[in-house]
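In this chain, residues are counted from 1 in sequence order.
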Amino acid sequence: MNFSEVFKLSSLLCKFSPDGKYLASCVQYRLVVRDASTLQICQLYACLDQIQHIEWSADSLFILCALYKRGLVQVWSLEQPEWHCKIDEGSAGLVASCWSPDGRHILNTTEFHLRITVWSLCTKSVSYIKYPKACQQGITFTRDGRYLALAERRDCKDYVSILVCSDWQLLRHFDTDTQDLAGIEWAPNGCVLAAWDSCLEYKILLYSLDGRLLSTFCAYEWSLGIKSVAWSPSSQFLAVGSYDGKVRILNHVTWKMITEFGHPATINNPKIVVYKEAEKSPPLVLGRLAFPPPRAAAGPLSSTESEYEVASVPVSLQTLKPAADRANPRIGIGALAFSPDNCFLATRSDSVPTAVWIWDIQKLRLLAVLEQLSAVRCFQWDPRQARLAICTGGGKVYLWSPAGCVSVQVPGEGDFQVLSVCWHLSGDSLALLSKDHFCLCFLETEQGVGTAFGQRGDHM
């Protein structure tokens, strides 16, 4: 692996363009667009205030910058750098902004979710959508960009509106049998819409494109319910993570549960590979010890080298006891994601914060567990192959594939704490984001990666 130099960054705002040619990053009020392969600056734009959100248009020709404090959105063009657009929501304020799939309309959500304003960059026309609901995930587009589903709240009831994106006309409008609708998401094939209730009630509903209720699934009652939801890329499976620490897999034919994955604190099955991160102590060289130690050496665990060891079963994982007197208890499945080839599912249980669980979807069984020294902050699959990148807020990035896993120290002076990761669409590079900086990690060819993973082969 090779690493780029470190660049400045604000608010973890760093995104590759959809076509993979550019990398946009923000430094306070400045937007910097670089060539994704050479990292040379292509364009530099100055906004009117600190940028709080950025998003590329689907065709990678435009990029919007949202300035929520000012109620402003500024749009920049890569083809015509002298062209720019400013959208001012005025006294209505601004809490969210996103592109439509055609890359020529912008949807702005006003404060208190009073309405969504649709601005056209081509005709300068304006459309309004009333009653958007303030929830976890209230807007979702189909993958082909033809339809928009919107969660609504009116007259103390939850509704879903399906609109045609070409003219923003209403196609279907129906109420949902939910107490407090928490989120909606289209299946990747655009045929089924999943809608789920708040954590106070376990209920997930599946609707067809014309608004028909296909199925309702409820695993249990009188306890905290759904915490996370993810579709498989093929639309064949829907994974539902809940507060009871289990993931339930629904199939696309009957919408019934085909299996459930538990996350026990002890691993007893010898067929499950448990990779345990262990601190690797550097050899001491007499006569070269400095006192006091330098800042990097005196820092937390992130500055020390580590490696994975395969633990012998039974293995007891570190668990976190939730505070019973506080809201949002740290229990349940906080994150889950399918690999792009549909073969694997990665999950994280918030009561076992240092572990990532890898499930084999073809065999419907637990394949591997990665136990880190620190709590897992995020993980993301390589968009091209079954390779998972993990970060824990330290100075390392971790990669897992079916061939094994590896811990990689981020080089450089000081303490680069990786808080988030972002893959390039080719899977050849990975952006590592810290609080004030970012750098790129360039991965080797498949042959090279196989060699890197092969170094851990003796552990498997």
Test of understanding: with ring-ring contact (aromatic ring centres under 6.0 Å, His included), list the residues that count as partners of [X], not counting sequence neighbours.
| X | result |
| --- | --- |
| His437 | none |
| Tyr45 | Trp76 |
| His105 | Trp168 |
| Tyr207 | Phe174 |

Smallest separation among heavy atoms of [X] and [Y], with atom names:
| X | Y | value |
| --- | --- | --- |
| Ile184 | Gly138 | CD1-O, 3.6 Å |
| Thr254 | Ser215 | O-OG, 4.4 Å |
| Ala230 | Leu336 | CB-CD1, 3.0 Å |
| Leu181 | Cys135 | O-CB, 3.6 Å |
| Gln417 | Gly393 | CB-O, 3.3 Å |
| Pro18 | Ser60 | CD-OG, 3.1 Å |

If you measure from [atom1] on [X] to [atom2] on [Y], what distance do you get to the nearest 0.5 Å?
| X | Y | atom1 | atom2 | value |
| --- | --- | --- | --- | --- |
| Leu9 | Cys14 | CG | SG | 6.0 Å |
| Cys199 | Asp180 | SG | CG | 8.5 Å |
| Phe217 | Ile226 | CZ | CD1 | 8.5 Å |
| Phe442 | Leu430 | CZ | CG | 10.5 Å |

**Report entry** Glu260: partners by side-chain contact (heavy atoms from CB on, under 4.5 Å), with sequence neighbours left out
**Finding:**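 In terms of side-chain contact (heavy atoms from CB on, under 4.5 Å), with neighbours along the sequence ignored, Glu260 is linked to Lys246, Arg248, Met257.
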Query raised in the report: What residues, two or more places apart in sequence or in another chain, satisfy side-chain contact (heavy atoms from CB on, under 4.5 Å) together with Glu5?
Result: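 Scan of Glu5 (side-chain contact (heavy atoms from CB on, under 4.5 Å), adjacent residues dropped) gives Phe7.
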Requested in this report: State whether a side-chain donor-acceptor pair under 3.5 Å links Ser306 with Ser407.
Outcome: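 Distance-only check passes for Ser306 and Ser407.
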Query raised in the report: Between Gln50 and Gln28, does any side-chain donor sit less than 3.5 Å from a side-chain acceptor?
Result: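 Looking only at side-chain atoms, Gln28 and Gln50 do not form any donor-acceptor pair under 3.5 Å.
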Can you find a pair of side-chain heavy atoms, one from [X] and one from [Y], that are under 4.5 Å apart?
| X | Y | result |
| --- | --- | --- |
| Ile106 | Cys98 | no |
| Leu67 | Val73 | no |
| Asp436 | Lys8 | no |
| Thr109 | Leu94 | no |
| His113 | Val95 | yes |
| Leu345 | Val247 | yes |
| Leu440 | Leu39 | yes |

Do [X] side-chain atoms and [Y] backbone N/O form a donor-acceptor pair below 3.5 Å?
| X | Y | value |
| --- | --- | --- |
| Ser351 | Leu320 | no |
| Ser11 | Leu13 | no |
| Asp59 | Asp102 | no |
| Gln409 | Gly395 | yes |
| Arg377 | Gly394 | no |
| Gln52 | Lys69 | yes |
| Gln380 | Trp423 | yes |

Report task. Determine, stepwise, if the pair Ser25 / Phe438 fulfils side chain to side chain contact (heavy atoms under 4.5 Å, CB included). Result -> CA-CA 9 Å; Ser25 61; Phe438 79 93; 3.7 Å; yes
Query raised in the report: Can you list every ring-ring contact (aromatic ring centres under 6.0 Å, His included) pair that touches residues 311-354, not counting sequence neighbours?
Result: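 Listed once each, the pairs are Phe344-Trp400.
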Query raised in the report: Do Val356 and Val376 pass the side chain to side chain contact (heavy atoms under 4.5 Å, CB included) test, and can you show the C-alpha distance, the side-chain angles, and the key distance before you say yes or no?
Result: CA-CA 8 Å; Val356 176; Val376 175; 3.7 Å; yes
Tell me the side-chain hydrogen bond (donor to acceptor under 3.5 Å, both in side chains) pairs involving [range], sequence neighbours left out?
| range | value |
| --- | --- |
| residues 356-369 | Thr347-Trp359 |
| residues 183-203 | Asp177-Lys203 |
| residues 141-150 | Thr142-Asp144 |
| residues 231-241 | Ser232-Ser234, Ser234-Gln236, Ser234-Asn342 |

Query raised in the report: When you look at Val310 and Val274, which way does the side chain to side chain contact (heavy atoms under 4.5 Å, CB included) test go after all the steps?
Result: CA-CA 6 Å; Val310 172; Val274 180; over 6 Å; no
**Report entry** Pair Asp158 + Lys133: basic N to acidic O under 4.0 Å
**Finding:**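 Counted as a salt bridge, because a side-chain N and a carboxylate O are separated by less than 4.0 Å.
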Query - Criterion side chain to side chain contact (heavy atoms under 4.5 Å, CB included) on Ile63 and Tyr22, from CA distance to verdict - result: CA-CA 11 Å; Ile63 185 166; Tyr22 304 104; over 6 Å; no
Requested in this report: Any pair with a residue in residues 339-352 that passes salt bridge (Lys or Arg N to Asp or Glu O under 4.0 Å), sequence neighbours left out, goes on the list, sorted by first then second residue, please.
Outcome: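 Qualifying pairs: Lys227-Asp350, Arg348-Asp350.
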Requested in this report: Please work out which of the three classes, parallel, tilted or perpendicular, describes the rings of Tyr308 and Tyr275, given edges at 30° and 60°.
Outcome: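 If you compare the ring of Tyr275 with that of Tyr308, the planes turn out perpendicular.
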Query raised in the report: Heavy-atom count around Gln137 CD within 6.0 Å, excluding the residue itself: above 12?
Result: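 Yes, the 6.0 Å shell around CD holds more than 12 heavy atoms from other groups.
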